[in-house]
Each structure stands twice: as C-alpha cells, then as structure tokens.
Amino acid sequence: MTRTVYVNGDYLPDHEAKVSIFDRGFLMADAVYEVTSVLDGKLIDFDGHAVRLKRSLDELDMAEPCSKEELLEIHRELVRRNGIEEGLVYLQVTRGSDGDRDFVFPAADTPPTLVLFTQSKPGLADNPAARKGAKIISIDDIRWGRRDIKTVQLLYPSMGKMMAKAAGADDAWMIEDGHVTEGTSNNAYFVKNGTIVTRPLSKDILHGITRKAVLRLAEEAQMQVEERLFTIDEAKAADEAFTTSASAFVMPVVEIDGVALGEGVPGPVATRLREIYIEESRKAAI
Ligand code: PDD
C-alpha cells in the first residue's frame, strides 16, 4: 500500500519521495530523529518529542527545519492522510547537503532535510508480546559517548537486535564499565522488593520521553523509584524487569541471559505501569 510521506515541504506518495545522495544524513549519519506513537489517531507526548528534538539539534549546531507548531501540523496531517489509528510517526532531520561530500559542515545557511513518515501498528496498545514478556541478552555497549543526542547512528543497536535474535531472544541490554546503560532502542529497569531501579540520566543514555512519563506515573502511584547505576547480575536476581520506549510503551522482561526472572512471566509492577501509561497517554493525546 502506498503511504503518503513528507519531504521538505511536500506530501508525496512514498515511491516519489527523494533525498540527495549527497545528503549528510545518508553519507555521515549527520542526522537526528524522533519516534512519536499514535493511539486513537492522536499523538502521544508530542511536546516531549518536540523539546528533545530541539535539544538534539542544538547539541549538534543543526538548524531547526521549522517551528514546533508546523511540526505538529505535519504529524497530524500525515496521521490523517494515512488513516493511522495505532502506530508511529518517524521524523528525521539531517544537516542537508551542499552537493558534495566533505567532513567539514556545509555553510550554516544550507537548508536541513526534513523527512517524516508513518508506520501503522495495529495492536500497539493491546500487544500480545507484552502479555508474554521479552527475553533479553546482555552485550557490550560500544556506541559513541553522546547517546543523549538522538542521532541516526543505529548500526550497533541494529546489530544488537540481530545478536539477540541469533541467541533466541527478543532484545539486548548494553553494558559499559560493568553497568547496564540501556536497551538497543529502550530504557532499562528492574524491580526488587517493590523498588524500581533505573540508570540516572547522563550523556550515556537517551533521555527517554516514555521514561520520564513512566517515572512520574510510578511516583504518583506511590511506587518507590531509585535512579542509580546497576549491574546485569542485579537485574538477573530481580523480581521483575521491563523496558520503556515510544514504540513499545512499557514492555515486561521475563528472562535475562537465559535466567528467568521471578515466575518467568510479566511481573505486577511492569503490567500495572503499562496499563497506567497507556490509560494516561490516551487521555493526554493530542
Ligand atoms: N527508540 N534508548 C534508546 C537507545 C532508544 O533508541 C530509545 C527509543 C529509547 C526510549 O526513548 P523514548 O521513550 O523517547 O522512545 C531509549 C525509538 C523508539 C526508536 O529508535 O525506534
């Protein structure tokens, strides 16, 4: 089925959308992105994603392609044109192209490239995978040092997913200096004796928009939250674990490196947080 996508001001059928081969996003991964989920045809936490996008652009001295209001309008128009009830809107901004390859950034007035497309994901909220829970493996974190900037350098996370698949698992958590950083495309948590533990924000991890919302909702529900470094052995010995992301919300983790957590089924904290998060997100969606 043809999708309507957005490229630099135009809504086009996907097969007609074109970006230059000299675009720095393509040649140098000189680009940032956002993924915003859609429930009931509405955007979840658009504001959070817009604020993080601006931060990513600022950190890389990249120009803003348009205003936040225009971005919202483009998101809504794509959701409408593609009839998305549940799914995702992917947005990417690159430093554009001045028609050649050079390590030096092009002139500051080179227009950035802005691309958006939708992905229809029926069953995003009522996801059978969340009822089963995910199996994860641990791998070394060999990514660059600015993981707080949401760049499109996703080769290693993509390899991590393949390593997980090869090991019969669903995903991987990454480890640096003996501590878990995050999942390949999500933030990581474990629960022990009712306390939720997750790594504090720094340049080492992406500042998840879902993480922020889930930690707020956990505190509102009187759950204990501890933001500190943790090891994979602590997570393996936990009562339960989970991940958060815009594309999977709260996803229970039932196995780490072949070790079943608790009863080996989604735990009560992750299950409850998933319910609360989806419920509250639906209410606040725009
Ligand atoms: N990934 N950590 C990493 C490395 C991520 O790639 C993501 C999101 C997150 C969670 O962030 P948020 O809650 O804002 O989605 C954490 C997106 C979904 C992706 O690459 O598709």
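No experiment lies behind these values; they were computed from the predicted model shown. In each ligand, atom 1 is the first atom listed, and ligand 1 is the first ligand listed.
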With a 6.0 Å cut-off (strictly less than), is the heavy-atom count around [atom1] of [X], excluding the residue itself, greater than 12?
X: K236; atom1: NZ; answer: yes
X: F26; atom1: CZ; answer: no
X: E16; atom1: CD; answer: yes
X: M163; atom1: CE; answer: yes
X: K212; atom1: NZ; answer: no
X: Q224; atom1: CD; answer: no

Original post:
Should the proximity of T210 to ligand 1, defined as any heavy atom under 4.0 Å, be assigned to the side chain, the backbone, both, or neither?
Top reply: both

Original post:
Heavy-atom contacts under 4.0 Å between R143 and ligand 1: side chain, backbone, both, or neither?
Top reply: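 The part of R143 near ligand 1 is the side chain, not the backbone.
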
Give the residue and atom name of whichever protein heavy atom lies nearest to [atom], and the separation in Å to one decimal.
atom: atom 18 (C) of ligand 1; answer: S247 OG, 3.5 Å
atom: atom 2 (N) of ligand 1; answer: E182 OE1, 2.7 Å
atom: atom 11 (O) of ligand 1; answer: G208 CA, 3.4 Å
atom: atom 19 (C) of ligand 1; answer: Y33 OH, 3.6 Å
atom: atom 6 (O) of ligand 1; answer: S185 CA, 3.4 Å

Mind checking whether [X] has an N or O less than 3.5 Å away from an N or O of ligand 1?
X: G183; value: no
X: H207; value: no
X: L206; value: no

Could a heavy atom of [X] be found less than 4.0 Å from some atom of ligand 1?
X: K150; answer: yes
X: T184; answer: yes
X: M174; answer: no

Using a strict cut-off of 4.0 Å, indicate which atoms of ligand 1 neighbour a heavy atom of [X].
X: T244; answer: 10 (C)
X: A246; answer: 12 (P), 13 (O), 15 (O)
X: V35; answer: 19 (C), 21 (O)
X: N187; answer: 10 (C), 16 (C)

**OP:** Would you mind finding which of K212, R52, R211, H49 brings a heavy atom closest to atom 14 (O) of ligand 1?
**Re:** R52

**OP:** Please state whether the rings of Y90 and F117 are parallel, tilted or perpendicular, taking 30° and 60° as the class boundaries.
**Re:**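 Because their plane-to-plane angle is under 30°, the rings of Y90 and F117 count as parallel.
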
**OP:** Please work out whether the ring planes of Y6 and Y11 are parallel, tilted or perpendicular, with thresholds of 30° and 60°.
**Re:**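 Y6 vs Y11 ring planes: perpendicular.
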
Original post:
What do the steps show when you test V38 against L124 for side chain to side chain contact (heavy atoms under 4.5 Å, CB included), and what is the final call?
Top reply: CA-CA 9 Å; V38 177; L124 193 64; over 6 Å; no

**OP:** Flag this pair as yes if the NZ/CZ of R95 is under 6.0 angstrom from the six-membered ring centre of F105 and inside a 45 degree cone about the axis; otherwise no.
**Re:**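 Because its charged atom sits under 6.0 Å from the ring centre and within 45° of the axis, R95 does stack over F105.
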
Original post:
With E182, which of R211, R199, R147, R143 fulfils salt bridge (Lys or Arg N to Asp or Glu O under 4.0 Å)?
Top reply: R143

